[in-house]
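Whatever order the structure lists ligands and atoms in, that order sets their numbers, starting from 1.
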Amino acid sequence: MRSHLCNRCGSCVGLSSGSVVFADKTGAYRPEITGPVNDARADLLWEACPGKEFSFPVYRQKFYPDAPFFHEFIGPYHRIGIGYATDFSTRSKGASGGIISAILIWLLEKKMIEGAVVLGMSESEPWLTQAFIATTREEILAAAQSKYIISSVNDILPEMEAFEGRLAYVGLPGQIQSIRKLQSINHPSVKNIRYIFGPFYGNTLHFSSINSFLRTYGEKDYRQITKLYFRYGEWPGNMRVEMKSGRVIELKKFHANYLIPFHILRNSLYCTDLTNEFTDISGGDAWAPVYEERGKGFSMVISRSTVGDKILGQMIREGALSFEPIGEQEAITMHSHGYDFKKRGGFIRIRFRKWLGKPVPDFGYTIQGFAFSRIVMELIISSLFILMGTRLSRWMVEQFPPAFIGGIFERTRNIWKKSTHTIKRSKLQEQ
Ligand SMILES: Cc1cc2nc3c(=O)[nH]c(=O)nc-3n(C[C@H](O)[C@H](O)[C@H](O)COP(=O)(O)OP(=O)(O)OC[C@H]3O[C@@H](n4cnc5c(N)ncnc54)[C@H](O)[C@@H]3O)c2cc1C
């Protein structure tokens, strides 16, 4: 709980009957033990925790025995493509192509589920996120779009257990890893889950990112926020904050990325799952100039399980989704910087932690054989993350206009994308 291995999935809170809580959501957002936890309960929390251990090969074998394709970067899959929800309002409300929301709405309307576990913004504290069970199209759409601050979906496991009906569940890789662990021991909290979906996952940020963002614009009190969006407007969207005073602050998503190195949740650096490998269907942004220039919203979609692929196929046939298949290599090229960050950088950073004698996650596999230059590059990147996470660096960046710093970050991302363009498993040693 106190190491950087905690991804804040929320399972220990949800399963603790009130003895473990997140007391400081605008601060470190760590689970804290505030009541009695007997041995049996402690064993369960330990078992459900994916931070220390989650064997990719074991759970792949268990949940995807008949996936026709597998790639070490992408995970098991049936098909990959670029798509979007054909219903324009769903597409425009989504983070990218509105695919995840469209699937949830389709399942609800087909009466294949009665509810969907999604992440919205809290009504009482609109600067924080709140997981809930959506039972209508409107509620699903209200929870659309990505939230880039720490969120603990699994703290509503008791509600999921008490829900009368079948559920679809949406979560980030760490949250889903815990759900898969609970499913493996037939825990009642996950008995209602029929389908699992999730966004790709680069990283998430501490709440300090919101405070810092506000300070750059001369606002001092996050409690004055009435609405907070991370992907508002046309894809790829803007970070947008609405204040009680009526003031509206907006910054391009790509520019708001400047907050990442200053406020990143350190666990993001040890998560090696970019494309949400343990879902039935996962979706990310279709990052390629051909789509980015068109706006409107395009997703990369990966169907992984047989049931996920069936849903995707049926939705395409019914015209609910537009979908153009693409090949493995094109998919990897589109997210080459993300794979470099997760599947190379992640494993190198885990090795650095081990050398320092710190606990490391056991994912049951590792990727090795990186060029010496890539290891040196990671040393520099990791040092920068530590340096930029200090109070002094955060203060310094707040002295510059966000659009200026954001512009530098956008250019850096493009250079990184170009330099990793030809990334391939077989080429790891050459790059
Ligand atoms: C923290 C984070 C990091 C991401 N990093 C990348 C990346 O590096 N590269 C990339 O291509 N894509 C990334 N994505 C995914 C991308 O932003 C879109 O979510 C994805 O393309 C799906 O878009 P959509 O329009 O189909 O989803 P929508 O229709 O908008 O639905 C999104 C669903 O995700 C749920 N959700 C949103 N935020 C969270 C959260 N924090 N935790 C749990 N559930 C959530 C919502 O409740 C909603 O049901 C990230 C998403 C998140 C949340």
Side-chain angles (χ1 to χ4, degrees), residues 7-10 82-85 87 89-108 115-121 128-134 137 139-156 168-176 179 195-206 209 228-232 235-237 253-254 257 259-260 264-265 267-268 271 273-276 279 281-288 291-292 296-302 321 323 331 334-342 413 416-417:
N7 64 39
R8 282 44 165 203
C9 69
I82 304 301
Y84 54 84
D87 174 57
S89 75
T90 307
R91 186 180 184 187
S92 59
K93 287 200 171 78
S96 47
I99 295 275
I100 294 180
S101 298
I103 296 171
L104 300 178
I105 291 169
W106 187 84
L107 288 171
L108 202 61
V117 178
V118 290
L119 185 78
M121 299 306 292
L128 290 178
T129 56
Q130 176 65 56
F132 69 100
I133 298 175
R137 173 195 170 89
E139 285 176 347
I140 289 168
L141 288 178
Q145 293 200 357
S146 304
K147 284 86 185 175
Y148 294 125
I149 46 173
I150 304 174
S151 308
S152 42
V153 175
N154 295 355
D155 53 16
I156 67 158
Y169 171 98
V170 182
L172 297 180
Q175 295 155 358
I176 289 173
I179 296 290
Y195 312 103
I196 297 187
F197 309 106
F200 290 9
Y201 174 60
N203 54 69
T204 195
L205 305 184
H206 279 278
S209 57
L228 175 58
Y229 304 88
F230 297 88
R231 301 285 297 261
Y232 185 87
W235 185 67
K253 184 234 179 301
F254 283 147
N257 280 351
L259 293 162
I260 293 172
I264 190 167
L265 170 70
N267 178 267
S268 311
C271 164
D273 183 348
L274 173 71
T275 55
N276 224 330
T279 49
I281 302 177
S282 67
D285 289 280
W287 294 141
Y291 302 113
E292 286 172 41
K296 285 187 186 157
F298 292 87
S299 290
M300 180 180 290
V301 189
I302 306 179
L321 291 183
F323 181 89
M334 210 174 266
H335 286 94
S336 58
H337 60 304
Y339 287 116
D340 182 65
F341 182 70
K342 292 269 169 177
R413 171 185 176 268
W416 188 9
K417 272 192 85 169

Numbered atoms and elements of ligand 1 in range of Ser101, under 4.0 angstrom, heavy atoms: 28 (P), 29 (O), 31 (O)
Could you tell me, atom by atom, which parts of ligand 1 come under 4.0 Å of a heavy atom of Val170? 33 (C), 34 (O), 35 (C), 49 (O)
Of all the heavy atoms in Ser299, does at least one lie under 4.0 Å from an atom in ligand 1? yes
How many angstroms lie between OG1 in Thr90 and CD1 in Ile105, if you round to the nearest 0.5 Å? 4.0 Å
Are the side chain of Asp155 and the backbone N or O of Gly10 linked by a donor-acceptor pair below 3.5 Å? no
Check each atom of ligand 1 against the heavy atoms of Gly202 and keep those under 4.0 Å away; list them by number with element. 3 (C), 4 (C), 5 (N), 6 (C), 7 (C), 8 (O)
What part of Lys93, side chain, backbone, both or neither, has a heavy atom within less than 4.0 angstrom of ligand 1? neither
Any donor-acceptor pair under 3.5 Å from Ser282 side chain to Thr275 backbone: yes
Quick one: list whatever passes ring-ring contact (aromatic ring centres under 6.0 Å, His included) with Tyr229, sequence neighbours left out. Tyr232
When distances are taken from atom 14 (N) of ligand 1, the protein heavy atom at minimum range is Phe200 O, 3.0 Å
Going by the order shown, which atoms of ligand 1 are within less than 4.0 Å of some heavy atom of Gly94? 25 (O), 29 (O), 30 (O)
Tell me the protein heavy atom at minimum distance from atom 46 (C) of ligand 1, and give that distance in Å. Ala143 O, 3.2 Å
Proximity of Ala95 to ligand 1 by residue part, where a heavy atom lies under 4.0 Å: both
Does Asn203 come within less than 4.0 Å of ligand 1, judged by its heavy atoms? yes
Which residue holds the protein heavy atom closest to atom 25 (O) of ligand 1, what is that atom called, and what is the gap in Å? Gly98 N, 2.7 Å
With a 4.0 Å heavy-atom cut-off (strictly under), which part of Met300 contacts ligand 1: side chain, backbone, both or neither? neither
So, the side chain of Ser101 versus the backbone of Gly98: is there a donor-acceptor pair under 3.5 Å, distance only? no
Parallel, tilted or perpendicular: which describes the rings of Tyr339 and His335, with under 30° parallel and over 60° perpendicular? perpendicular
If you have a sec, work out which protein heavy atom is nearest atom 39 (C) of ligand 1 and how many Å separate them, to one decimal? Leu119 CD2, 3.5 Å
Considering residues at least two apart in sequence or located in another chain, which fulfil the salt bridge (charged side-chain N to carboxylate O under 4.0 Å, His left out) criterion with Asp285? Arg231
What part of Val153 sits under 4.0 Å from ligand 1 if we count only heavy atoms: the side chain, the backbone, both or neither? side chain
Side chain Glu139, main chain Val118, donor-acceptor under 3.5 Å: no
Check: Lys296 side chain, Trp235 main-chain N or O, donor-acceptor pair, under 3.5 Å: no
Residue, atom and distance of the protein heavy atom nearest atom 52 (C) of ligand 1 read Tyr148 CE2, 3.7 Å
Which atoms of ligand 1 have any heavy atom of Ala144 under 4.0 Å away? 30 (O)
dist Ile99:CD1 -> Met300:CE (nearest 0.5 Å) comes out at 12.0 Å
Can you establish whether the number of heavy atoms outside Phe200 located under 6.0 Å from its atom CZ is more than 12? yes
Under a heavy-atom criterion of less than 4.0 Å, does His335 contact ligand 1? yes
Output yes when the distance from some N or O of ligand 1 to some N or O of Ile149 is under 3.5 Å, and no in every other case. no
Side chain, backbone, both or neither: which part of Gln145 comes within less than 4.0 Å of ligand 1 when only heavy atoms are counted? backbone
Does ligand 1 come near enough to Ile100 that some N or O of the ligand is less than 3.5 Å from an N or O of the residue? yes
Should the pair Phe298 and Tyr291 be assigned to parallel (<30°), tilted (30 to 60°) or perpendicular (>60°) ring geometry? tilted
State the atoms of ligand 1, each with its element, that fall below the 4.0 Å cut-off from a heavy-atom position in Gln175. 42 (N), 43 (C)
Would you check if there is a donor-acceptor pair between the side chains of Thr279 and Asn276 at a distance under 3.5 Å? no
I need the atoms of ligand 1 closer than 4.0 Å to a non-hydrogen atom of Ser96, numbered in the order shown. 20 (C), 21 (O), 22 (C), 23 (O), 24 (P), 25 (O)
Could you say whether the N/O atoms of Ser146 and ligand 1 ever approach to under 3.5 Å? yes
Give me the residue, atom name and distance of the protein heavy atom closest to atom 16 (C) of ligand 1. Asp285 OD2, 3.3 Å
List every atom of ligand 1 that sits less than 4.0 Å from any heavy atom of Gly97, numbering the atoms from 1 in the order shown and giving each element. 25 (O)
Quick check against the 3.5 Å criterion: does Ser96 have a side-chain atom that pairs as donor or acceptor with the backbone of Gly94? no
